[in-house]
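Keep in mind that the numbers below use all heavy atoms, side chains included, and drop hydrogens, waters and symmetry copies.
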Amino acid sequence: MDVVVVGAGQAGLSAGYFLRRAGLDFVMLDHAPRAGGAWQFRWPSLTLGAAHNIHDLPGMPLEDRDPERPASEVVSEYFARYEREFELDVRRPVDVTAVRDAGGRLLVESSEGVFAARALINATGTWDRPFWPFKRGMGSFRGRHMHTVDYRGPEEFAGLRVLVVGGGASGTQALMEIAPLAAETTWVTRREPVWVEGAFDGHAAVARVEERVRQGLPPGSVVSATGLLLTEEVRAARERGVLDRRPMFERVVSEGVEWADGSRLGVDVILWATGFRAALDHLAPLRLRGPGGGIRMDGTRVADDPRIHLLGYGPSASTIGANRAGRAAVREIKSLLRAVVPEAVGA
């Protein structure tokens, strides 16, 4: 076929929409059990109103904007309607295990067989690659280690001493939910948080990330480019002392953590809100990573192989960025296929 799309979240569905309009032969492979992308796994207490803005997919607006409904439900329903409306051939659950170069085609190996494609749109996001930083003594901790990916709401932390590690939006949201129920909460981050009044300067943040991936460097965290939005809820939490940040500890000990000066804090749970990395292990046979540890990009296209486009990687890792990336990727793929096999691409 012409194109295989791996992943059916915001970026993948956007790509599917533009592939359908372009008249290309494609299939979409998604390993999740149902429609919704990573949103289907978000904790139930994350309401639509508390989530970052969810941009409309191309061709069909999100009509249910009830801020009190769980974001996981609203987005999953929206994505499912979208797949039906535009007759997108999403096959799930399908695990893609490897992508290999077979000369003129790419062989996409999956649990549903091998697909030979002229081009690949990879839209696998980051949810499947939670990042756990290494700290000395992590294995000695007698309490519970958790990652944001495991978080399902504040109830299970009632009466416990909780340490939240990480300076991103997920960490602060979880901390504000947990604090009223926990016996004690502590927040630690590697860097001093940067609080932003009003709206983010999205264009500047995207430009910084884009420059990194153009150089072949890893994209970096979102919060490092945008800062943290200072909402009324955040102001109130800061006044209550919930968001009083402490510097990163030196090591983990059996009863909690220890700082460089020898001071210790006893905790029952360490919640690692330390972000995610791009889920690209299946692309390893293509040897796309450079000396800088990232993949050198030109827009959505891998600079060293124009058949491969990465959506949700670098500057396209946002809902509005994913839409634009889907359009751009399909436009370039259409031009590429027309140049190689003119009859494969409609007018």
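Using a cut-off of 4.0 Å between Lys/Arg side-chain N and Asp/Glu carboxylate O, Arg91 and Asp89 are scored as salt-bridged. In this structure, Asp244 does not pair ionically with Arg238, as no charged nitrogen and carboxylate oxygen lie closer than 4.0 Å. A salt bridge links Arg69 with Glu73: the closest approach of a Lys/Arg side-chain nitrogen to an acidic carboxylate oxygen falls below 4.0 angstrom. Between Arg92 and Glu83 there is a salt bridge, since a side-chain N of the basic residue sits under 4.0 Å from a carboxylate O of the acidic one. The residues Glu258 and Arg251 are annotated as salt-bridged, a charged nitrogen and a carboxylate oxygen being separated by less than 4.0 angstrom.
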message: Does Asp150 form a side-chain contact (heavy atoms from CB on, under 4.5 Å) with His145? I'd like the steps, not just the answer.
response: CA-CA 10 Å; Asp150 306 308; His145 285 292; over 6 Å; no
Verdict with reasoning, Asp56 to Arg65, per salt bridge (charged side-chain N to carboxylate O under 4.0 Å, His left out): CA-CA 11 Å; Asp56 291 340; Arg65 294 281 181 177; 2.7 Å; yes
task: Report the C-alpha distance between His282 and Asp95 in whole Å, list the side-chain angles of each, state the deciding distance to 0.1 Å, and finish with yes or no for side-chain hydrogen bond (donor to acceptor under 3.5 Å, both in side chains).
output: CA-CA 10 Å; His282 54 291; Asp95 294 319; over 6 Å; no
task: Any chance you could lay out the side-chain contact (heavy atoms from CB on, under 4.5 Å) test for Val257 and Val165, step after step, and finish with the verdict?
output: CA-CA 11 Å; Val257 297; Val165 183; over 6 Å; no
- request: Applying side-chain contact (heavy atoms from CB on, under 4.5 Å), run through Asp64 and Tyr78 and close with a yes or a no.
  value: CA-CA 8 Å; Asp64 184 355; Tyr78 175 45; over 6 Å; no
- request: Show your reasoning for whether side-chain hydrogen bond (donor to acceptor under 3.5 Å, both in side chains) applies to Gln40 and Ser76.
  value: CA-CA 6 Å; Gln40 66 191 278; Ser76 293; 5.4 Å; no
side-chain contact (heavy atoms from CB on, under 4.5 Å) evaluation trace for Asp101 with Arg307: CA-CA 10 Å; Asp101 189 354; Arg307 299 171 299 173; 3.2 Å; yes
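Looking at Ile178 and Tyr151, their side chains come closer than 4.5 Å, going by heavy atoms from C-beta outward. The side-chain heavy atoms of Ile121 and Leu311, taken from C-beta on, include a pair separated by under 4.5 Å. Between Tyr313 and Ile295, some side-chain heavy-atom pair lies under the 4.5 Å cut-off. Under the 4.5 Å side-chain criterion, counting only non-hydrogen atoms from C-beta, Leu228 is not in contact with Val234. Using a 4.5 Å heavy-atom cutoff, the side chains of Thr189 and Pro193 are in contact. When side chains are defined from C-beta on, Phe249 counts as touching Val188, because their heavy atoms get closer than 4.5 Å. Within the 4.5 Å cutoff, no side-chain heavy atoms of Thr300 are placed close to those of Leu310. Looking only at side-chain heavy atoms (C-beta outward), Met60 and Tyr82 come within less than 4.5 Å of each other.
When atom types are taken as modelled, the side chain of Arg20 and the backbone of Glu87 share a donor-acceptor pair closer than 3.5 angstrom. Side-chain atoms of Glu109 do not come within 3.5 Å of backbone N or O of Val96 as any donor-acceptor pair. Remark: the backbone N or O of Leu24 is not paired with any side-chain donor or acceptor of Asp2 at under 3.5 angstrom. In this structure, the side chain of Gln10 engages the main chain of His55 through a donor-acceptor pair within 3.5 Å.
To the nearest 0.5 angstrom, Met297 atom CE is 8.0 Å from His309 atom NE2. To the nearest 0.5 angstrom, Leu88 atom CG is 9.0 Å from Leu19 atom CG. Distance CG/Asp128 to CZ/Phe41: 7.0 Å, rounded to 0.5 Å. Here CZ of Arg296 is found 10.0 Å from CZ of Arg301. Values are rounded to the nearest 0.5 Å. To the nearest 0.5 Å, atoms CD (Glu255) and CG (Asp268) are separated by 11.5 Å. Between the CD atom in Glu177 and the OG1 atom in Thr185 there is a gap of 12.5 Å [rounded to 0.5 Å].
For the pair Ser14 and Leu57, the tightest heavy-atom approach, listed with the atom from each and the gap, is N-CD2, 4.1 Å. Residues Ala116 and Leu107 share a closest heavy-atom pair of CB-CD2, 3.8 Å. Nearest approach of Ser45 to Gly153, heavy atoms of both residues: OG-CA, 3.9 Å. Taking each heavy atom of Glu250 and Ala260 in turn, the nearest pair found is CB-N, 3.8 Å. Leu48 approaches Asp66 most closely through the heavy-atom pair CB-O, 3.6 Å. Minimum heavy-atom separation, Phe79 to Leu13: CG-CD1, 3.6 Å.
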Contacts table for residues 136-144: side-chain donor-acceptor under 3.5 angstrom, sequence neighbours left out:
unit_1 : atom_1 : unit_2 : atom_2 : d
Ser140 : OG     : Gly137 : O      : 2.6
Arg142 : NH1    : Ser254 : OG     : 3.4
Arg144 : NH1    : Glu156 : OE1    : 2.7

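Surrounding CZ of Arg190 are at most 12 heavy atoms belonging to other residues, nucleotides or ligands under 6.0 Å away. Residue Glu192 places its CD atom among more than 12 non-hydrogen atoms of other residues, nucleotides or ligands, all under 6.0 Å distant.
Ring orientation note: the planes of Trp272 and Trp132 are tilted relative to one another, at an angle of 30° to 60°.
Both Leu120 and Phe115 are part of a single hydrophobic cluster, where members link through side-chain heavy atoms under 4.5 Å apart. Connection of Val164 to Val267 is not established within any shared hydrophobic cluster, with ILVMFWY side chains joined at heavy-atom distances below 4.5 Å, either directly or through further cluster members. Under a hydrophobic clustering in which Ile, Leu, Val, Met, Phe, Trp and Tyr are joined whenever their side-chain heavy atoms come within less than 4.5 Å, directly or via other members, Val6 and Val99 fall into the same cluster. Val149 and Trp43 fall into different hydrophobic clusters, defined by Ile, Leu, Val, Met, Phe, Trp and Tyr side-chain heavy atoms under 4.5 Å apart, directly or through other members. Following chains of ILVMFWY side-chain contacts shorter than 4.5 Å, one can reach Val242 starting from Leu271, so the two form part of one hydrophobic cluster.
The ring-ring contact (aromatic ring centres under 6.0 Å, His included) check on Phe276 picks up Trp127, His147, with sequence neighbours excluded.
Under the 6.0 Å distance and 45° angle rule, Arg277 counts as a cation-pi partner of Phe131. At least one test fails for Arg235 against the ring of Trp195: distance under 6.0 Å to the centre or angle within 45° of the axis.
Side-chain atoms of Thr47 and Glu68 form no donor-acceptor pair, as typed in the model, at a separation below 3.5 Å.
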